[in-house]
Asks: 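Below is one structure. I have some questions about it.
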Amino acid sequence: MQDYLNRPAELAAPLLLGSIIERKIDGHTLRVRIVETEAYDQSDAASHSYKGRTPRTEIMFGPPGFLYVYFTYGMHYCCNIVTDQEGRGSAVLIRAVEPLEGEDYMKALRDKSGKDLSNGPAKLCQALSITKELNGHDLSQGPVTLVLQEPLPADRITQTTRIGISHAQEMPWRFYETGNPYISKSNS
DNA sequence: TGCCTGATGTTCT
DNA sequence: GAACATCAGGCAC
């Protein structure tokens, strides 16, 4: 798994589409499929790691295959998967997922249903109960694991500019599965 | 359907 | 003290 993720974020991001995140909680198993990602790295003004290593971004500079969870706008968590070799400060933000298993439990956590369950970075964290407790978590071990799948064929992937940021907006580092109803709102 | 805004806390300057 | 990789609810059209 680490080998697979040991590449620049903009290359790892499309490869993660279609892969599975498995979350075990309270005797339930939640399984979701990644359908939308964004790449960030140290050379990127929109990235948390842009200004260098700080206590918060320490995880991003670590080895690949770990979870970087941050808190934003006072009420939301977002989760990233650290990529590239140690010291690079790159990560892939998970923007949207498609529920495969445990959807009922996710509905209970979110008090929402349908695609509203997980079509945004903060929403999916709530649906999977991912909080800062899991910051720095090793994704090769429970209770949150990343299960890699064969990458999607290139013709199923759409690449656009990113969403919800105020710097480096021109970077085309957002990737999603073409036509999937669970992707977050389009910025086209 | 689409814009505007409030909620809210962590991090960094 | 300001910025912030957001969401949901309200109101106007």
Side-chain angles (χ1 to χ4, degrees), chain A residues 5 8-17 19 21 32 34-62 64 66-84 88-99 106-137 139 144 146 157-177 180-188:
Chain A
L5 294 174
E10 71 272 25
L11 299 181
L15 290 177
L16 282 168
L17 294 176
S19 284
I21 294 174
V32 298
I34 299 172
V35 297
E36 182 178 348
T37 59
E38 280 180 10
Y40 290 87
D41 86 8
Q42 195 176 2
S43 64
D44 173 6
S47 170
H48 288 169
S49 59
Y50 181 62
K51 290 173 184 164
R53 212 163 171 144
T54 68
R56 175 170 67 147
T57 59
E58 186 68 24
I59 302 295
M60 286 184 80
F61 288 88
F66 284 74
L67 204 54
Y68 167 50
V69 182
Y70 67 89
F71 195 81
T72 191
Y73 290 102
M75 28 169 48
H76 298 295
Y77 293 102
C78 298
C79 75
N80 302 243
I81 294 172
V82 177
T83 69
D84 213 342
R88 291 277 301 137
S90 61
V92 174
L93 170 70
I94 310 301
R95 280 200 68 85
V97 299
E98 173 183 355
M106 288 162 58
K107 283 180 188 168
L109 284 171
R110 284 262 314 134
D111 197 26
K112 298 280 177 188
S113 63
K115 63 179 183 176
D116 221 31
L117 208 50
S118 57
N119 65 338
K123 300 181 188 182
L124 72 92
C125 282
Q126 191 180 355
L128 295 177
S129 193
I130 290 174
T131 69
K132 63 180 181 185
E133 306 290 304
L134 288 168
N135 190 28
H137 174 72
L139 285 168
V144 184
L146 176 64
I157 296 176
T158 302
Q159 179 173 7
T160 72
T161 51
R162 290 173 298 182
I163 293 180
I165 55 174
S166 48
H167 300 284
Q169 298 174 348
E170 71 285 357
M171 304 288 272
W173 281 7
R174 172 182 176 227
F175 303 87
Y176 59 89
E177 181 181 20
N180 190 295
Y182 281 90
I183 60 171
S184 61
K185 197 169 181 176
S186 165
N187 68 332
S188 59

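Both backbone and side-chain heavy atoms feed into the values below; hydrogens, waters and symmetry mates do not. Labels below follow one simple rule: chain letters A, B, ... track the order of the sequence lines, proteins then strands, and each chain is numbered from 1.
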Asks: Classify the side chain of A/Y70 versus the base of C/dA5 as yes if they form a donor-acceptor pair under 3.5 Å and no if they do not.
Replies: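 Yes, the side chain and the base share a sub-3.5 Å donor-acceptor pair.
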Asks: With a cut-off of less than 4.0 Å, is there a side-chain N or O of A/T54 near OP1 or OP2 of B/dC12?
Replies: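 Checking A/T54 against B/dC12: at least one side-chain N or O falls below 4.0 Å of OP1 or OP2.
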Asks: With a non-hydrogen cut-off below 4.0 angstrom, is A/A46 in contact with a base, only sugar-phosphate, or nothing?
Replies: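 The residue A/A46 makes base contact.
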Asks: For the side chain of A/M75, counting heavy atoms from C-beta on, which of B/dT10, B/dA7, C/dC4 is nearest?
Replies: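 Closest nucleotide to the A/M75 side chain: B/dA7.
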Asks: Counting only side-chain heavy atoms from C-beta out, which of C/dG9, B/dG9, C/dC7 sits nearest to A/F71?
Replies: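 Minimum distance to the A/F71 side chain belongs to B/dG9.
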Asks: Side chain to side chain donor-acceptor pair (under 3.5 Å), that's the test. Do A/Y50 and A/H167 meet it? Break it down for me.
Replies: CA-CA 11 Å; A/Y50 181 62; A/H167 300 284; over 6 Å; no
Asks: I need the single residue from A/I34, A/L124, A/V32, A/V35 that forms a side chain to side chain contact (heavy atoms under 4.5 Å, CB included) with A/Y182. Which is it?
Replies: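 Of all the options given, the one that passes is A/V35.
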Asks: Rounded to whole Å, how long is the line connecting atom CD of A/E38 with atom P of C/dT6?
Replies: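 It works out to 8 Å between those atoms.
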Asks: I need the CZ-P distance between A/R95 and C/dA5, as an integer number of Å.
Replies: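 These atoms are roughly 11 Å apart.
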Asks: Grab the OH-C1' distance between A/Y77 and B/dT11 for me, whole Å please.
Replies: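 A/Y77 atom OH is separated from B/dT11 atom C1' by 14 Å.
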Asks: Looking at A/A122, is its backbone amide N or carbonyl O close enough to the side chain of A/Q126 to form a donor-acceptor pair, meaning the two atoms are under 3.5 Å apart?
Replies: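 Such a contact is absent between A/Q126 side chain and A/A122 backbone.
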Asks: For C/dG9, does OP1 or OP2 lie under 4.0 Å from any side-chain N or O of A/K112?
Replies: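 So the side chain of A/K112 is within the cut-off, an N or O lying under 4.0 Å from OP1 or OP2 of C/dG9.
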Asks: Nearest to the side chain of A/D116, which nucleotide is it out of C/dT6, C/dA8, B/dC12?
Replies: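 Among the listed nucleotides, the one closest to the side chain of A/D116 is C/dA8.
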Asks: Check whether A/R95 reaches the backbone of A/R162 with its side chain - one donor and one acceptor, N or O, closer than 3.5 Å.
Replies: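 No, the answer is negative, given that no donor and acceptor are paired below the 3.5 Å cut-off.
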Asks: Within the structure, does a side-chain N or O atom of A/H48 lie under 4.0 Å from either OP1 or OP2 of C/dA5?
Replies: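 Checking A/H48 against C/dA5: at least one side-chain N or O falls below 4.0 Å of OP1 or OP2.
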Asks: Taking only the side-chain nitrogens and oxygens of A/H167, find out if one of them lies under 4.0 Å from OP1 or OP2 of C/dC4.
Replies: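 Yes.
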Asks: Expected output is a numbered-order residue list: members of residues 123-130 of chain A with a heavy atom under 4.0 Å from any atom of DNA chain B. What is it?
Replies: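 The stretch gives none, as no residue of it lies under 4.0 Å from the strand.
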Asks: Return the nucleotide paired to C/dG9: Watson-Crick means purine N1 to pyrimidine N3 with N6-O4 or O6-N4, wobble means G-U with N1-O2 and O6-N3, both under 3.5 Å.
Replies: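 Result: B/dC4.
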Asks: Picking from C/dC4, C/dC7, C/dA5, which would you name as closest to the side chain of A/P121?
Replies: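 Of the candidates, C/dC7 comes closest.
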Asks: Does the side chain of A/R110 get closer than 4.0 angstrom to OP1 or OP2 of C/dA8 through an N or O atom?
Replies: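 Answer yes for this pair, as a side-chain N or O of A/R110 is under 4.0 Å from OP1 or OP2.
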Asks: What is the minimum heavy-atom distance between A/S184 and A/N119, and which atoms define it?
Replies: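 Taking A/S184 first and A/N119 second, the nearest heavy atoms are CB-O, 2.9 Å.
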Asks: Without decimals, in angstroms, what is the distance between A/Y50 OH and C/dC4 C1'?
Replies: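 Rounded to the whole Å, the gap is 17 Å.
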Asks: Report yes or no: does A/E38 contribute a side-chain atom to a donor-acceptor pair with the main-chain N or O of A/I163 at less than 3.5 Å?
Replies: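 A pair under 3.5 Å: yes.
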Asks: If you measure from the ring centre of A/Y40 to the centre of the six-membered ring in the base of C/dA5, is it under 5.5 Å, with the planes under 30° apart?
Replies: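 The base of C/dA5 is stacked with A/Y40 (centres under 5.5 Å, planes under 30°).
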Asks: Got a donor-acceptor contact below 3.5 angstrom from the A/E98 side chain to the A/N180 backbone?
Replies: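 Pair absent, no side-chain N/O of A/E98 close to backbone of A/N180.
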